[in-house]
Each structure stands twice: as structure tokens, then as C-alpha cells.
Amino acid sequence: MSLFWQWVIVIWGIWYFFLRNRKPSKTASLKVAPTFIEPINAPDENLYDLTPYTIEIPELPELEDTLLAINRDSKKLRLYAEELDRHKNRMESAANDSIQKFHDDYMKLDDQQLQIYRRVYQSKTIIKRFKELKYQKISAKDIPEKLRVPLPPIPSYLDAKAFNKKYSVNVTGISNATSKAILNNGGLKNANNVWVAAIGLAAVAVADLINTSKMKRKLEEVRGQIINHGVTLKTRTEALKKSHSQIVDVSYKLKQSEISLIMIIDQVKMIDKKIKKLEDVSSENRSNIGMLYYLASEAEMNCLKKI
Amino acid sequence: MFNFGKKKPNQIQPPVTIHLDNARKRAEPTPITLHSTDLIGLLKEAVELGKLKATESRDLEAIRTDYMKTYKELDDYHNRAMSALDQEYAKRNKMIDEISAMAKQLISQGQYEAGQAIISQMLDIIAKQDSPLNTVIQGQSRRSI
């Protein structure tokens, strides 16, 4: 095989490798007739309520820290772990609702920008014949890419279920030995067994106290993680709130552009198509053409705005 | 050039970090290998309990100080980001409004070329601008805007 054919095969191979999975362009056509838009309303006040993120998370509960209160202390800490979980879930649920509504309206705005861009295209096509107005091509590709707004990553914290599992004191070995000491070889009548049982009970108590102390440290850390996650969610939510007001503002301006463009396009369409110079049209029509050019450009700016 | 046996300044950890590391270690559960007959084991566990109790308030304080430090950084970023977002939107809207008004005036006076030049520049600027919201989202993980 000659070198030429080897190169042909290599180039074809490269082309095939890179282009075989290429999908057809999904860019919307501007030639399609635009639909009417409905301005986006301001969201409900409660949607971006920051209370779930600013609410104070209670501190570690006061413990009795005595041998007799081991079970009560342990229960208090486990209930506290569940309370921390509830706080975190409440915050995430509120943040999810905000993101969902923001995303819905953001997608609506994206479609509205496309509809108005189609009217801009119509306007530009109509006035294209007047060479004094420089024609600038537009493409739907220029519309800003859709922004993905995710929920901030959840810190890898220990939830109540995992917490209970991790800090369950497994004293089976001690319990078994203690039970045997109590029940076998004469039970507690045997002085030796009394000592063994006493050591066993002390061992269980010590294990529980150790566990309680460790639990406190862990829960303090979890509390910090949730507090800080709350600030991150607060920032995300407030940023969305501010950006949502921009969505509403841009949508309103797009509606204004739609109304004005529809009116003026109809007037400019009536100008004799054979006239190709601005100086040949009446002053009123010249003013309409200029206005159409301006309104189309203004609408184009709002279509290109990134939120 | 060579640094045999000398610690670099940034390798020296401040005491708070050491406390924090130890506090975190002491928060991890340890398996119980104790039997009821094991008096020595019980004594060892009792000493361990004593250590835990003695360091408890210091450990809790170290953990709290650490997350409060992060909290402060996050809160500072929050304030900076919100202020930057407000400024960015206001600046952009003001710029567009002013230049649009100027272009409108020029076009209505028949000065198409000047009007077009302004509009064209404005469109370029808008197209190149980043999304202010995206800037805040991107900056959140590194706390910079």
C-alpha cells in the first residue's frame, strides 16, 4: 500500500473517531414564528425566607455526668443528634424549594429570550435592505447558555442513624462474663463471684462514660458542620433571590420589547419593498425604521443578558 | 540550600491545631476488649476515662473554635458576595440604560453610524460578561469573589 493511501486511512480514521458520535445541532431556529410571552411574576416572599438558615442551633444539652445518670445522658445526646438532623433537613428542604422555583422561572426566561430573539431577527430581516443601517447577523447560539444551579454539596457529617450505630456500646463480652459470675458456681453467695460481678458492672459503667464523653465531642463537631452548611445555603438562597429579581426585571423588559416591536414591525412592513435607501422614505417612516432598529437592539441586549 | 534536621516555619503547627487533631481522635469510639474479670483492663479503661474527662472542655472548645473560624470566613464571604452581586447588577443595568438612551437619541437624530457603533460595542460587552450569579456560585467553595 502506498504512503498516500496509508495517510488517507489514518485521516479517515481520525475523522471517524471524532465525528461518528456527533449529534445534530440542537440550536433553535430563529426563522420560526415567535410565540407571545407572559411576563414572569415576582416570586412569593416566603420562597427565599432565610429563617431556616439563621435559626440558632441549640448547644449540646446539659448532662448530669454521674454514674446513675448514664442512660439519661446517653438518651439526651441521641435526641440531640436527631434534633441536629431535623435542622439540617429543614434547611435543605427550604433550599431545594428555592432552587426548584428559581430554575422553573429561569427556564421560562430562557424561552422568552428565544421568542424575543426571533422578533429581533424578524426586525433585522425587514430593515436589512436599508444599507445605511449596518446589518449584524444574529444566531440563537448567542443566547446565554443555561446556568446549572446545584444545591451546595452536603458535608459528610454523621447523621443520627449513623451516629447511634457508631456510638452503641457493645458490652456483650462483659455482660456474658458478669451473668456467668452471678448464675454459676454458687452465684452471688460465692464471694469470688461478687468481685467478678462488681468489676463487670464497673466496666460497663466506665465504657458508657467513655462513650458519652466521645459522643459529646462528635456532636459538637456535627453541630459546627450543620451551622456552616447553613451559611453556605443562606448565601446560595440569597444570591438566587437577587438573581430572581433580575429574571423578573428582564422578563418585564422583554414583554415591553415584544409590544413595541409588534407595533412598529407592522408599520415598517407597509413601506414599499422597492425602496432601499433611507433618504427615499418619508420622514415619518424613516423615524419608524430608526426606532425599529433601536428597539431591536435594545431587545437584543436583554436577550443576551446573563443572570 | 540544604535544610538537614531543621523544621520549616510552616511545618510548626499552632497549638490550636494540635488540640483539634487530638480532640477529633478522642471523639472516635474505641472497641471494648475488657472482660469482667480483667481488673487491670478496668483500671486502664478508668485511666482512659479520666483522660477523656480532663480534656473534655478543652477539646470541645478546640472544636468550637475551629468551626467558628470557618463560620466567620463563610459569613464574610456571604456579605462580600451579596454586596458584589448587588453592585454588579446595578452597574450593568445602569450602563445598559445610559448607553441605550444615548443610542436612542443618536438614532432619532439620524446619526445612524454613531448609534450603531455604540450599540455594537454594548452588545459585545454584554455577550462577554460572566453571569454574576455563576460568579458567586463558583466562588463559594474557595470563598473568593
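Residue numbering restarts at 1 for every chain, and letters A, B, ... go by the order of the sequence lines.
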Chemist: Please indicate whether A:Tyr252 has more than 12 foreign heavy atoms, meaning atoms of other residues, nucleotides or ligands, lying under 6.0 Å from its OH.
Modeler: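 No, not enclosed.
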Chemist: Hey, could you give me the OG/CD distance between A:Ser287 and B:Gln109, rounded to the nearest 0.5 Å?
Modeler: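 One gets 12.0 Å once the value is rounded to the nearest 0.5 Å.
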Chemist: Say you draw a straight line from NZ of A:Lys218 to CZ of B:Arg26; how long is it, rounded to the nearest 0.5 Å?
Modeler: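 Between A:Lys218 NZ and B:Arg26 CZ, I get 14.0 Å after rounding to 0.5 Å.
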Chemist: Quick one about B:Tyr89 and A:Ser243 (side-chain donor to acceptor, distance below 3.5 Å, no hydrogens or angles considered), yes or no?
Modeler: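 There is such a pair (donor and acceptor under 3.5 Å, judged by atom type) between the side chains of A:Ser243 and B:Tyr89.
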Chemist: Which bit of B:Asp124 comes within less than 4.5 Å of chain A, counting heavy atoms only: side chain, backbone, both or neither?
Modeler: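 Contact with chain A involves no heavy atom of B:Asp124 at all.
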Chemist: For B:Glu73, does the CD atom sit with more than 12 other heavy atoms under 6.0 Å from it, leaving out its own atoms?
Modeler: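 Yes.
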Chemist: Identify which of A:Asn228, A:Leu219, A:Leu147, A:Asp65 forms the greatest number of heavy-atom pairs closer than 4.5 Å to chain B.
Modeler: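 Among A:Asn228, A:Leu219, A:Leu147, A:Asp65, the one with the most close pairs to chain B is A:Asn228.
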Chemist: Go through B:Arg92 and A:Gln246 one step at a time and tell me if the side-chain contact (heavy atoms from CB on, under 4.5 Å) criterion holds.
Modeler: CA-CA 11 Å; B:Arg92 187 175 71 175; A:Gln246 292 297 310; 4.3 Å; yes
Chemist: Closest heavy-atom contact between A:Ser297 and B:Ile119?
Modeler: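 The pair with the smallest heavy-atom distance is CB-CG2, 3.4 Å.
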Chemist: Could you grab the distance from atom CD of A:Glu300 to atom CE of B:Met122, nearest 0.5 Å is fine?
Modeler: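 Nearest 0.5 Å value for the CD-CE distance: 12.0 Å.
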Chemist: Give, as side chain, backbone, both or neither, the part of B:Asp130 having an atom under 4.5 angstrom from any heavy atom of chain A.
Modeler: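 B:Asp130 touches chain A through backbone heavy atoms alone.
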Chemist: Any salt bridge between B:Asp86 and A:Lys242, counting N to O under 4.0 Å?
Modeler: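 Result for this pair is yes, salt bridge flagged.
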Chemist: Is it true that the side chains of B:Asn93 and A:Lys305 contain a donor and an acceptor less than 3.5 Å apart?
Modeler: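 Side chains of B:Asn93 and A:Lys305: pair found under 3.5 Å.
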Chemist: So which atom in A:Arg286 and which in B:Tyr112 form the shortest heavy-atom distance, rounded to 0.1 Å?
Modeler: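 In terms of heavy atoms, the two residues are closest at CG-OH, 3.5 Å.
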Chemist: If you count the non-hydrogen atoms of other residues, nucleotides and ligands that lie under 6.0 Å from CD in B:Gln121, is the total more than 12?
Modeler: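 Open.
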Chemist: Within a 6.0 Å radius of atom NZ on A:Lys306, are there more than 12 heavy atoms belonging to other residues, nucleotides or ligands?
Modeler: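 Check passes, neighbour count above 12.
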Chemist: Taking B:Ser131 for its side chain and A:Ile307 for its backbone only, find out whether a donor-acceptor pair lies under 3.5 Å.
Modeler: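 Indeed, once roles are kept as given, a pair shorter than 3.5 Å links the two residues.
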Chemist: Can you name the closest pair of heavy atoms from A:Thr232 and B:Gln140 and give their distance?
Modeler: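 Closest heavy-atom pair between A:Thr232 and B:Gln140: O-NE2, 2.9 Å.
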Chemist: Looking at B:Gln105, B:Lys104, B:Gln116, which one forms a side-chain contact (heavy atoms from CB on, under 4.5 Å) with A:Tyr294?
Modeler: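 So, applying the side-chain contact (heavy atoms from CB on, under 4.5 Å) to A:Tyr294 and each of B:Gln105, B:Lys104, B:Gln116, only B:Lys104 qualifies.
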Chemist: Between B:Leu133, B:Leu74, B:Ile63, which residue shows the highest count of heavy-atom pairs closer than 4.5 Å to chain A?
Modeler: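 When all of B:Leu133, B:Leu74, B:Ile63 are compared, B:Leu133 has the most.
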Chemist: Would you mind checking which part of B:Lys44 comes under 4.5 Å of any heavy atom in chain A, side chain (CB onward), backbone (N, CA, C, O), both or neither?
Modeler: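 Contact with chain A is absent: no heavy atom of B:Lys44 under 4.5 Å.
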Chemist: Just to verify, what does A:Thr237 make a side chain to side chain donor-acceptor pair (under 3.5 Å) with, not counting sequence neighbours?
Modeler: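 For A:Thr237 the side chain to side chain donor-acceptor pair (under 3.5 Å) partners, ignoring immediate neighbours, are A:Tyr53.
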Chemist: Would you find a donor on one side and an acceptor on the other, under 3.5 Å apart, between the side chain of A:Lys214 and the backbone of B:Glu28?
Modeler: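 It does hold such a pair.
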Chemist: Got a sec: does the NZ of A:Lys166 have more than 12 other heavy atoms crowding it under 6.0 Å?
Modeler: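 Count over threshold, so yes.
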Chemist: Between B:Asp75 and A:Val231, what is the shortest heavy-atom contact and its length?
Modeler: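 Nearest pair, atom of B:Asp75 first, then A:Val231: N-CG1, 3.9 Å.
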Chemist: Please walk me through it: do B:Met68 and A:Ile227 pass side-chain contact (heavy atoms from CB on, under 4.5 Å)?
Modeler: CA-CA 9 Å; B:Met68 286 313 289; A:Ile227 288 176; 5.5 Å; no
Chemist: Taking A:Ala207's backbone N and O only, do any of them form a donor-acceptor pair with B:Glu45's side chain (distance below 3.5 Å, no angle check)?
Modeler: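 No, B:Glu45 side chain to A:Ala207 backbone: no donor-acceptor pair under 3.5 Å.
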Chemist: Roughly how far, to the nearest 0.5 Å, is CD1 of B:Ile137 from OG1 of A:Thr235?
Modeler: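 Going from OG1 on A:Thr235 over to CD1 on B:Ile137, the span is 11.0 Å.
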Chemist: Atom NZ of residue position A:Lys128 - does it have more than 12 heavy atoms of other residues, nucleotides or ligands inside 6.0 Å?
Modeler: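 No.
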Chemist: At a 4.5 Å cut-off on heavy atoms, which part of A:Lys253 comes close to chain B: side chain, backbone, both, or neither?
Modeler: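 It is the side chain, since no backbone atom gets that close.
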Chemist: Is the closest basic N to carboxylate O distance between B:Asp59 and A:Lys216 below 4.0 Å?
Modeler: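 Between A:Lys216 and B:Asp59 there is no salt bridge, as every charged N stays at least 4.0 Å from the carboxylate O atoms.
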Chemist: Checking heavy atoms, do the side chain of A:Leu278, its backbone, both or neither come under 4.5 Å from chain B?
Modeler: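 A:Leu278 touches chain B through side-chain heavy atoms alone.
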Chemist: Rounded to the nearest 0.5 Å, what separation is found between the CG atom of A:Leu233 and the NE2 atom of B:His78?
Modeler: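 Interatomic distance, A:Leu233 CG to B:His78 NE2, rounded to 0.5 Å: 11.5 Å.
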Chemist: Between B:Thr70, B:Leu49, B:Ile107, which residue shows the highest count of heavy-atom pairs closer than 4.5 Å to chain A?
Modeler: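 It is B:Leu49.
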Chemist: Side chain, backbone, both or neither: which part of A:Leu60 has an atom under 4.5 Å from a heavy atom of chain B?
Modeler: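 Only the side chain of A:Leu60 comes within 4.5 Å of chain B.
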Chemist: Atom CG of B:Asn134 and atom CZ of A:Arg148: how far apart are they, to the nearest 0.5 Å?
Modeler: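 These two atoms lie 10.5 Å from each other.
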Chemist: Would you tell me whether B:Thr55 and A:Arg217 have side-chain atoms, one donor and one acceptor, within less than 3.5 Å of each other?
Modeler: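 Judged by distance alone, the side chains do pair up.
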Chemist: Quiz question: by atom type and distance under 3.5 Å, do the side chains of A:Glu298 and B:Ser100 form a donor-acceptor pair?
Modeler: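 No, no side-chain donor-acceptor contact under 3.5 Å.
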Chemist: State whether the side chain of A:Asp142 and the backbone N or O of B:Ala127 hold a donor-acceptor pair below 3.5 Å, judged by distance alone.
Modeler: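 Absent.
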Chemist: Looking at A:Thr212, A:Leu133, A:Leu304, which one has more heavy-atom pairs under 4.5 Å with chain B than the rest?
Modeler: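 Option with the greatest count: A:Leu133.
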Chemist: Using non-hydrogen atoms and a 4.5 Å limit, figure out which bit of A:Phe102 sits close to chain B: side chain, backbone, both or neither.
Modeler: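 Contact with chain B: side chain only.
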